[in-house]
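Step one of this worksheet: look at the structure below.
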Amino acid sequence: MKLRHALAFTILPIIVMLAILQGGALLTRSYMEEASLQASSALRLAVAALAGHLSRYEPLPALIADHEIIEELLRTPTEPALRQAANEYLKGINQLLESSDIYVLTPDGNTIAASNYDVPGTFIGQNFHYRPYFQSAIVGQQARFYALGTTSLKRGYYFSAPVEESGKILGVIVFKVDIDSIENSWRGGEYKIFVADPEGIIFMTGSPEWLYTGILPLDAPRLARTQASRRYAEAELRPLPVSEAVYHGQQLMQIAEGGTRREYLRLSHYIPEADWTVNVLLDTASVRTQARTTLVAVLLFICLAALAAAILWQRRARVVERLRLQEEARNTLEKRVEERTADLARVNEQIELEIAERRLTEQELRKTQADLIQAGKLAGLGQMSAALSHEFNQPLAAAKTYADSAALLIDRGRVPEAQDNVRRISALIDRMASISRHLRNFARKPNEKLGPVPLPEVIADTMEIVAPRLKAADARLMVDLEEEGLVVQAGPVRLQQVLVNIVSNAADAVEGLGNREITLSARRTAGRIAIEVGDRGPGVPAAIAERIFDPFFTTKGVGRGLGLGLSISYNIIKDFGGNLSVSDRPGGGAVFRVVLDSAAEVQEAAE
């Protein structure tokens, strides 16, 4: 028996040492895998945030390249008026979109217009032919490129697109986006996030001390390729002292900083569209400490189990030991339940914050849409200002004449005739008040819900507003309602804005032509009501029919429109649950067709 006990006490330490070594390796591997899953989630969020921020701006260069001012400037780049108009246009778009810079390049790479034309360090006069985004766009391709600005010395992401006309490339439009806001969100967190270019140079990071360092050897070919594009201007490039290893399938990176070497778990994601690699680093010190702590806890548990086994050898202590172990197990379970409850509470709080942020974003989007509609109405009133001034001046001049005449008639004792003049002056004042009331209602921001709207009343108010514009264009509006009592499901002020926009566009189309008649008709069709506005103008070519409702697209000359009227009208009709379309009119001209639900049909469906 003594020999057996001695052998057991000799083998037991060896078994314990092997268990410690093997258990420590297994725990470290397990915690490494768990940390990798958490870092993978952080990496996906970082990639999604970065890609989402940049994708908002990707289609914008091509849209701006189609603008008439940009094309005219590249056809005649030395025209001062066109340069000034293009500069103002680019500055306005840049402020609206909150981008960094927008500028236009000629085929030789010279900058002839820029949103920063009126500030020190403007891009105008600079040549960027060496930039890859210019070299790709000048051959007809849209391009993306990250770089440190050689003029502004500010980092940014560049989008470029060719400006084409009839298959010929006139120049290049470039859109620069600031990415400092994304980088700031990476600072101070649990993870270290950085983005490296194809040469391994870090150009975005939440750790400023790593900026412009290379995680790959900065040999001569890498430096030559970087210098050829002047991606980082005159910034000093230096190597980052790193070494890499693989631990059970996990990528580890050691970085020497502050006189010490720190080990990180590294996860990477390559973005092919931008040719970037997004990296997330997690300090493994906490992982290894957690593994050691767990190992110590396991060893303590083993020791306690051994002690319990020894106590079990004593019959009188069996019941007491069993109860103690049960109490420990119950306490452990309660602690785990509390921890899990706390985790669920944190998750619920995060979800509530995200919901609140989404609601706030939706409110801001609706406010922006309402402001854009209001801007379109005010722009229309601004275009009609000259005609409205004439419309007010005529009654004022007539009232002046009647007043002077009435004074003379009273002096001569011809009171009945003077009273007739006073009645005429009152009628003129009523006319001007009616015009003013319609304009005030039209300019006011609508705060209305959808409901029944009598179509004849809206058309009458519309005719009051567009009358000066029709008079200025020497055009005549013919109204043809199929029946009385047509009522649509809409908002009266916004529907009036749509009709004002369409009729005003028709007046622009027929101005100066032989046939200046405009027709406005309404009829029932398949349980809905169709409103059509037709003219005998040049019509809508098939090439632009699909783009006529796009924002900022206009066929009018410089200074005669923002290209927002039809886009706003289209969205208003969509909000009403209707449809707005355009087609050619038989015999020449165009027909804009608005289809809305009949209020009577909506009421019957609700009942």
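- For the salt bridge (Lys or Arg N to Asp or Glu O under 4.0 Å) condition, no pair includes a residue of residues 533-542, sequence neighbours left out.
- Every residue two or more places apart in sequence or in another chain that forms a ring pair (Phe, Tyr, Trp, His ring centres under 6.0 Å) with Tyr570 is listed here: Phe549.
- The salt bridge (charged side-chain N to carboxylate O under 4.0 Å, His left out) test applied to Arg83 returns no partner, not counting sequence neighbours.
- Residues passing the salt bridge (charged side-chain N to carboxylate O under 4.0 Å, His left out) test with Arg593 are Glu532, sequence neighbours excluded.
- Annotation: side chain to side chain contact (heavy atoms under 4.5 Å, CB included) contacts of Ala65 (sequence neighbours excluded): Val163, Ile173.
- Remark: Arg75 engages Glu71, Glu72, Glu165, Leu170 in a side chain to side chain contact (heavy atoms under 4.5 Å, CB included) (not counting sequence neighbours).
- In this structure, the side chain of Gln126 does not engage the main chain of Asn110 through any donor-acceptor pair within 3.5 Å.
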- Message: Using side-chain contact (heavy atoms from CB on, under 4.5 Å), reason through Arg494 and Asp575 one step at a time and then give a plain yes or no.
- Response: CA-CA 10 Å; Arg494 289 189 289 171; Asp575 286 344; 3.9 Å; yes
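- In this pair, Tyr133 and Phe145 present their aromatic rings tilted. The plane angle is within the 30 to 60° band.
- Every pair tested for ring-ring contact (aromatic ring centres under 6.0 Å, His included) that includes a residue from residues 493-521 fails, sequence neighbours excluded, so the list is empty.
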- How far apart are the C-alpha atoms of Ile169 and Val139, what are their side-chain angles, what is the distance that settles it, and do they pass the side-chain contact (heavy atoms from CB on, under 4.5 Å) test? CA-CA 8 Å; Ile169 297 178; Val139 297; 5.6 Å; no
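- How far CG of Asp101 is from CG of Asn116: 4.5 Å, rounded to the nearest 0.5 Å.
- Here Ile64 contributes atom CD1 and Leu90 contributes atom CG; the two are 7.0 Å apart, rounded to the nearest 0.5 Å.
- The two atoms that bring Ala86 and Leu73 nearest to each other are CB-CD2, 3.5 Å, heavy atoms only.
- Between the CZ atom in Phe194 and the CD1 atom in Ile202 there is a gap of 4.5 Å [rounded to 0.5 Å].
- With Asp480 contributing its side chain and Met478 its backbone, the two residues share no donor-acceptor pair below 3.5 Å.
- Atom CG of Leu82 and atom CD1 of Ile69 lie 8.0 Å apart (nearest 0.5 Å).
- At least one side-chain heavy atom of Leu596 sits under 4.5 Å from a side-chain heavy atom of Ile573.
- In this structure, OG1 on Thr111 lies 8.0 Å from CD1 on Ile124, to the nearest 0.5 angstrom.
- Remark: Tyr157 engages Phe159, Trp276 in a ring pair (Phe, Tyr, Trp, His ring centres under 6.0 Å) (not counting sequence neighbours).
- Of all heavy-atom pairs between Ala507 and Leu470, the closest is CB-CD2, 4.1 Å.
- The side chain to side chain contact (heavy atoms under 4.5 Å, CB included) check on Asn94 picks up Ser99, Ile102, Ser115, with sequence neighbours excluded.
- For the atom pair CD (Gln489) and CD1 (Ile529), the distance works out to 10.5 Å, reported to the nearest 0.5 Å.
- In terms of modelled atom types and a separation under 3.5 Å, the side chain of Gln135 and the main chain of Tyr130 share a donor-acceptor contact.
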- Glu511 vs Arg469, side-chain contact (heavy atoms from CB on, under 4.5 Å): CA-CA, chis, key distance, verdict: CA-CA 10 Å; Glu511 187 170 5; Arg469 180 67 192 97; 2.8 Å; yes
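- Under the 3.5 Å distance criterion, the side-chain polar atoms of Asp584 are left unmatched by any main-chain donor or acceptor of Ala590.
- Between Gln496 and Ile459 the shortest side-chain heavy-atom distance does not fall below 4.5 Å.
- No donor-acceptor pair under 3.5 Å is formed between the side chain of Thr462 and the backbone N or O of Leu499.
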- Message: Let's go through Val174 and Arg131 carefully: what are the C-alpha distance in whole Å and the side-chain angles of both, what is the deciding distance for side-chain contact (heavy atoms from CB on, under 4.5 Å) to 0.1 Å, and is it a yes or a no?
- Response: CA-CA 11 Å; Val174 183; Arg131 289 296 200 190; over 6 Å; no
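- A pairwise comparison of heavy atoms in Ala114 and Asn87 identifies N-OD1, 2.9 Å as the closest pair.
- Ile518 approaches Ala475 most closely through the heavy-atom pair CD1-CB, 4.2 Å.
- Ile502 places none of its side-chain heavy atoms less than 4.5 Å from the side chain of Ile531.
- Across every non-hydrogen atom of Gly537 and Leu513, the tightest pair is CA-CD1, 3.7 Å.
- Under the 3.5 Å distance criterion, the side-chain polar atoms of Arg516 are matched with a main-chain donor or acceptor of Asp474.
- The aromatic rings of Phe123 and Phe128 stand perpendicular to each other, their planes meeting at an angle above 60°, with 30° marking the opposite boundary.
- Remark: Arg144 engages Glu58 in a salt bridge (charged side-chain N to carboxylate O under 4.0 Å, His left out) (not counting sequence neighbours).
- Not counting sequence neighbours, the partners of Asp118 by the salt bridge (charged side-chain N to carboxylate O under 4.0 Å, His left out) test are Lys91.
- Taking Phe134 as the reference, nothing meets the ring pair (Phe, Tyr, Trp, His ring centres under 6.0 Å) condition, with sequence neighbours excluded.
- Shown here for Thr519 and Glu517, the closest heavy-atom pair between the two residues is CG2-OE2, 4.1 Å.
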